[in-house]
Amino acid sequence: MPKKTIKGILLDVDYVNKSGKSTIRLFVKEKQGIESYEDPEFRPFFFVTVNDEAKAEKDLKAAVFGEGAKIDSIKKVEKSNAEHVLKLSFKTVQDLVISRKEVTGFPNTIDKNEHDIPFASRYLLDKRLEPMNGIELIVEGNKILEAKTYEVKNPEFRAGAFDLETHSPGRFSDPKKDPILMISFALPEKTIVLSHGKEFKDKNTEVFDNEIKMIDAFTEKVKHENLDIITTYNGDSFDFPYIKERATRFDSKFAISSDGSEPKERSKGRDTAIKLVGIQHLDVYQMLRFLSRFGVVSLIKFDLESVVERLYDVKKEKIKAEEINAIWEKGEGLDRLANYCAEDSIYTLKMAYQYLPLVSELCKIVKQPVFEVGRASASMLVEYLIMAKCGETKRLVANKPDDYAIQQRMMNPIKGGYVKEPEPGLHENLAVLDFSSLYPTIMISHNVSPDSLGCKHKECMENVSPNKHYFCKKKKGLMPSILESLFEKRMKIKKEAKKLDKSDPKFALLNARQHALKILLNSFYGYLGYSRSRFYSRECASAITAWARQYVQWVGKEAENAGFNLLYSDTDSAFLIIPKGKKGKDVEAFVEKINKQLPGVMNLELEGFFKRGIFVTKESGEGAKKKYALIDYKGNLKIVGFEYVRRDWSLIAKDTQKAVIDAVLSEGNPDKAIKIVKAKIKELKEGKTKNADLIVFTQIKRRLDKYDAIGPHVAAAKKAVAKGKEIGVGSVIGYIITKSGKSISDKAQLQEYVKEGNYDSDYYIGHQLIPAVIKIMRELGYSKEDLIHGGKQHKLSQFF
DNA sequence: TAATTCGCTAGACCGA
DNA sequence: TCGGTCTAGCGAA
């Protein structure tokens with residue numbers, strides 16, 4: 001058969017068992033659609049370390065595991081961090097799985113390694129192939145002879161979203177009984193709705209005779225659109241399993257994968273994910289959870305309506321299950337329902353497209369498909385990077401720790417950053433300095449890595465952390481070399497982005513790339529100190545924080561020596577008061593001087609100048625850490641740590657606090673602040689405050705029966721459950737403190753059960769509004785009484 | 001199933 | 001009714 005060269009975008013990898021062999025398949029997006037190619041040469045394998053290669057090889061060769069599993073081939077391999085290593089290859093993944101359980105029981109084998117790395121993932125890592133990037137294949141028929149990645153700057157992907165409305169007669173929908181009423185299908189250029197057996201005015205709704213005809217038509221439409229990515233909102237747990245089950249009930253199949261197969265369930269810890277082959281299923285709900293862990297998005301509640309409101313400031317209509325049933329049964333309002341269904345798909349698609357550049361970049365860097373990355377954790381991303389590097393440098397990947405080791409690690413936390421207690425009160429003329437990417441740059445600059453630790457070279461004795469750990473100066477460690485390449489890429493991209501206008505579409509792309517790199521850079525330190533990490537190192541993690549504390553305190557001291565006052569410092573930052581007679585230029589010169597003395601890629605940055613700032617006093621009389629507000633010379637407020645930024649405070653408290661901070665910092669007008677507070681107290685007392693301003697949001701973090709202390713949120717949740725509401729672990733509930741009850745917990749009710757006006761005004765004044773505001777006003781000499789009864793004029797003029 | 005530590009604050013609970 | 005201790009949640013970095 002003739003050889004030919006294929007170029008396309010790599011979307012996916014999996015394996016199938018074919019003539020008794022697990023065979024890797026790659027799915028490549030080409031002009032005509034998604035094609036698959038096979039690599040029958042790549043075998044599942046893992047490593048064992050042994051005492052005596054010859055003896056072990058002999059034993060293992062003859063061994064039969066389970067009911068007939070055998071090792072296909074054994075090869076002695078060289079590893080840079082281990083001796084006497086054998087590579088065991090298998091015909092199938094199933095053989096490997098059976099064998100790995102028993103192999104360590106053999107007399108000459110000591111340990112096994114890399115036995116728990118999924119076959120398909122490992123293929124991409126070993127072959128250095130990047131999903132969502134270009135791939136060049138040399139093939140014979142559909143057999144892969146060679147595969148390599150090439151850079152495609154901005155590949156376009158065709159995505160579609162779908163959403164179901166289902167019947168739920170007085171209970172949660174059950175796919176075994178309850179039909180799908182509608183399916184919406186959104187594409188970049190149009191959205192359609194499919195339904196059955198009813199009449200619709202809207203021409204975008206296609207009506208079929210019955211449910212299965214609708215489902216089959218939908219299946220055909222999806223296939224016809226040649227999508228690269230199909231997105232859902234919670235399709236992992238709802239839409240996919242549901243439609244699959246419905247199709248099965250009617251002896252049909254929802255087979256939309258690129259190889260003609262049905263969606264498959266894949267367990268991802270406690271939940272199941274739905275995996276398609278080739279075409280990538282991106283569950284936007286999962287993706288947003290993932291992104292929120294890295295602070296890419298900041299979301300309180302993860303239901304679609306809340307998310308859309310937060311991201312796009314759009315109040316989307318929510319039609320509840322009972323109403324859906326009523327509309328369907330009576331046949332009134334069907335178009336409205338169809339529109340609602342369509343909107344869900346439209347917004348799901350919109351979010352998918354918005355964050356796809358970031359997810360794609362992560363896919364390229366960690367060499368895993370969208371399906372994996374869209375549901376990954378920080379530790380998994382770091383692990384992919386480390387495993388790829390281990391492969392490149394012929395290192396054996398460390399095993400996961402056992403439960404005992406995990407326990408030991410957890411019982412022994414690693415000392416973290418240094419936080420200086422601030423001088424409370426108003427301060428003028430500030431400069432804020434901070435180290436850019438402090439922990440990663442320490443790792444790079446001091447070569448902090450498990451494999452460079454405890455070096456005995458003479459010159460390495462100079463590279464010692466404040467807590468006395470030595471790191472090699474001669475040979476770059478595993479982690480620093482990964483970090484350095486990520487760091488350099490990021491610097492280069494940031495430089496490029498700086499040249500562009502922010503509205504330039506190229507800018508958004510570069511921004512996504514640098515953001516992806518930043519996420520990964522910042523995850524390494526956490527991974528080193530993470531109890532379940534394969535590469536946990538107390539020594540490394542504690543050396544990093546020890547250096548960090550030393551550097552940040554050193555900068556503080558140097559600043560004081562240079563004539564500035566050090567107001568505050570937290571982990572990687574220094575807040576300076578610029579005294580009379582000093583200028584911004586002096587700060588710049590100071591930063592420059594510091595940077596000349598910092599090693600390697602470490603860098604102190606001038607974050608900005610601030611006209612004024614406020615730090616507050618704790619109940620104990622000390623200055624409160626991690627709580628401050630600043631205003632710059634353009635009038636921009638920066639509020640940190642205060643109730644204003646916390647979700648577990650009511651809007652009335654938060655907004656009033658912000659108004660007070662604003663009045664004090666930007667206008668220097670505490671009288672105005674007092675007036676604002678008084679007006680709000682009056683409004684609360686008169687029962688005029690709207691429920692929306694009174695809700696306190698809190699997450700239910702465990703099962704309701706697992707709480708020792710029953711706080712208001714738990715009490716409210718329990719009452720709601722008694723009324724038949726479902727509250728899952730991890731859900732965020734909103735409650736209001738009502739008039740009826742003794743303790744605060746007694747009075748707490750879920751917001752949806754509280755009538756307008758039925759709130760405890762004393763609680764909201766005494767426990768929400770005043771505490772939020774008095775913190776600020778106290779620094780200006782006001783007392784609680786001044787807030788309640790009216791302003792007083794004293795000793796403030798000194799500030800203004 | 002799962003990145004880290006530091007820090008603030010509330011409300012419940014307990015004993016005087 | 002008070003103050004101290006503990007649980008719990010969330011934010012900063």
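When reading the values below, keep in mind they use all heavy atoms of this one structure, side chains included, and skip hydrogens, waters and symmetry mates. Predicted model, so just to flag it, every value in this text is computed and none were measured. In what follows, every chain begins at residue 1, and chains take the letters A, B, ... in the order their sequences are listed.
- The residue G416(A) sits close only to the backbone: its heavy atoms come under 4.0 Å of sugar-phosphate atoms, none of a base.
- Rounded to whole Å, atom P of dG11(C) lies 11 Å from atom CD of E643(A).
- Residue R409(A) is classed as having no contact, given no heavy-atom separation below 4.0 Å to the nucleic acid.
- A sub-4.0 Å separation between OP1 or OP2 of dA3(B) and a side-chain N or O of S379(A) is present.
- The number of heavy atoms from other shown groups lying within 6.0 Å of NZ (K658(A)) does not exceed 12.
- The side chain of R646(A) has dG7(B) as its nearest neighbour among dA2(B), dA12(C), dG7(B).
- Note on R395(A) versus D451(A): salt bridge recorded, some NZ/NE/NH1/NH2 to OD/OE distance being below 4.0 Å.
- Of the candidate nucleotides dG11(B), dA12(C), dC6(B), dC6(B) has the atom nearest to the side chain of K415(A).
- Spacing between atom CG of L704(A) and atom P of dA8(C) amounts to 12 Å, rounded to whole angstrom units.
- The shortest distance between the side-chain N/O atoms of S745(A) and the OP1/OP2 oxygens of dA12(B) is below 4.0 Å.
- Comparing dA8(C), dT4(B), dA13(C) by their nearest atom to the side chain of D708(A) picks out dA8(C).
- For the OP1/OP2 pair of dA8(C) and a distance below 4.0 Å, the side-chain nitrogens and oxygens of H713(A) include no atom meeting the criterion.
- Within the structure, every side-chain polar atom (N or O) of K701(A) is placed at least 4.0 Å from both OP1 and OP2 of dT7(C).
- Residue F290(A) places its CZ atom among more than 12 non-hydrogen atoms of other residues, nucleotides or ligands, all under 6.0 Å distant.
- Nucleic acid contact for K775(A): sugar-phosphate only, since backbone atoms but no base atoms lie under 4.0 Å from a heavy atom of the residue.
- Checking dC10(C), dT5(B), dA2(B) against every side-chain atom of T698(A), the shortest atom distance belongs to dC10(C).
- Considering only heavy atoms from C-beta on, K718(A) stays 4.5 Å or farther from Y707(A) through its side chain.
- F535(A) comes within 4.0 angstrom of nothing in the nucleic acid, heavy atoms only.
- Taking for each of Y530(A) and G417(A) the nucleotide of DNA chain B with the nearest heavy atom, the 5'-most of the two is the partner of Y530(A).
- Proximity note for D570(A) (side chain, C-beta onward) versus dA13(C), dA12(B), dG11(B): the nearest is dA13(C).
- When the side-chain nitrogen and oxygen atoms of S573(A) are compared with OP1 and OP2 of dA13(C), none of them lie within a distance under 4.0 Å.
- Remark: P of dT5(B) and OH of Y536(A) are 8 Å apart, rounded to the nearest angstrom.
- D705(A) has its CG atom 17 Å from the C1' atom of dT7(C), to the nearest Å.
- Applying a 4.0 Å cut-off to non-hydrogen atoms, the residues of residues 618-630 of chain A that approach DNA chain C are K626(A), Y628(A), listed by residue number.
- Other residues, nucleotides and ligands contribute at most 12 non-hydrogen atoms within 6.0 Å of the NZ atom of K680(A).
- Using a 4.0 Å cut-off between a side-chain N of Lys or Arg and a carboxylate O of Asp or Glu, D705(A) and R703(A) qualify as a salt bridge.
- The CG atom of L438(A) sits 19 Å away from the P atom of dT4(B) (whole-angstrom rounding).
- Look at R375(A) and D236(A) and you find a salt bridge, because one of the NZ, NE, NH1 or NH2 atoms lies within 4.0 Å of a carboxylate O, short of that distance.
- Taking atom CE on M443(A) and atom C1' on dA3(B), their separation rounds to 12 Å, with Å as the unit.
- The P413(A) side chain lies nearest to dT5(B) when the options are dT5(B), dA3(B), dA8(C).
- Taking only side-chain atoms of R647(A), from C-beta outward, the nucleotide of dC6(B), dG11(C), dA3(B) with the closest atom is dG11(C).
- One finds no side-chain N or O of Y525(A) lying less than 4.0 angstrom from the OP1 or OP2 phosphate oxygen of dT5(B).
- Side-chain proximity of D572(A) to the nucleotides dT5(B), dA13(C), dT7(C) is greatest for dA13(C).
- Remark: side-chain polar atoms of S542(A) are paired, donor with acceptor, to backbone N or O of E539(A) under 3.5 angstrom.
- An OP1 or OP2 oxygen of dC10(C) is reached within less than 4.0 angstrom by no side-chain nitrogen or oxygen of Y644(A).
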Next item on the list: Could you please spell out the steps behind the side-chain hydrogen bond (donor to acceptor under 3.5 Å, both in side chains) verdict for E265(A) and T272(A)?
Entry: CA-CA 6 Å; E265(A) 281 162 20; T272(A) 17; 5.4 Å; no
